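Working notes, structure below.
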Amino acid sequence: VQLQASGGGLVQPGGSLRLSCAASGSIFSIDIMGWHRQAPGKQRELVALIAKSGSTDYADSVKGRFTISRDNAKNMVYLQMNSLKPEDTAVYYCHARLRTIAQVMVPRDYWGQGTLVTVSS
């Protein structure tokens, strides 16, 4: 199983970016998909997650600015980030809790390689 994230880059404060993440491999189903981030010198933190049902949860710091969505048919998750602030600068990691074809009864966590988002003027 692989998670491939893309869409990071440099953006000015107030700008927008859209992150994408594709899960591939011997996937039976994906229970939860989400995004975490890690800023320099800080611990990794949850940004947003979305269940297979479509229910979502967000960190307080991004509520009203970020929107998470997913395409279950394509095993993809997206993060639309608007009104970006310098404090949003971090490496963003895609996450999935999923079941493989070999282990349908045991959900496991998988992580993407991270994509850097820099918010600066």
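Everything numeric here is computed off the predicted structure, so don't read it as measured data.
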Flag, side chain of [X] to backbone of [Y], donor-acceptor distance under 3.5 Å:
X    : Y    : value
Q80  : I68  : no
T89  : T118 : no
Q103 : P107 : no
R37  : Y92  : no

Task: Over 12 non-hydrogen atoms of neighbours within 6.0 angstrom of CD in Q43 - done: no
Looking at every heavy atom in both [X] and [Y], which two are closest together, and how far apart are they?
X   : Y   : answer
I27 : V1  : CG1-CG2, 4.2 Å
V77 : C94 : CG1-SG, 3.9 Å
S16 : S83 : OG-N, 4.4 Å
L46 : A59 : O-CB, 3.4 Å
W35 : S20 : CH2-O, 3.5 Å
R65 : L84 : NH1-CA, 3.9 Å

Inter-residue atom distance [X].[atom1] - [Y].[atom2], 0.5 Å rounding:
X   : Y    : atom1 : atom2 : value
Y58 : I50  : OH    : CD1   : 7.0 Å
R99 : R108 : CZ    : CZ    : 11.5 Å
S24 : N75  : OG    : CG    : 8.5 Å
L3  : Q113 : CG    : CD    : 9.0 Å
K52 : I30  : NZ    : CD1   : 8.5 Å
T56 : K63  : OG1   : NZ    : 9.5 Å

Kindly indicate whether the side chain of [X], heavy atoms from C-beta on, has any atom under 4.5 Å from the side chain of [Y].
X    : Y   : value
S120 : P86 : no
N82  : F66 : no
Y110 : H95 : no

Please answer: with hydrophobic residues joined when any side-chain heavy atoms are less than 4.5 Å apart, are [X] and [Y] in the same cluster?
X    : Y    : result
W111 : L116 : yes
L79  : I32  : no
V117 : V47  : yes

Open item on the list: On the six-membered ring of Y78, is R18 placed so that its NZ or CZ lies under 6.0 angstrom from the centre and within 45° of the ring axis?
Closed with: yes
Task: SB check D88 K85 (cutoff 4.0 Å) - done: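 Between K85 and D88 there is no salt bridge, as every charged N stays at least 4.0 Å from the carboxylate O atoms.
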TODO: Look at D31 together with R97 and state whether they make a salt bridge at an N to O cut-off of under 4.0 Å.
DONE: no
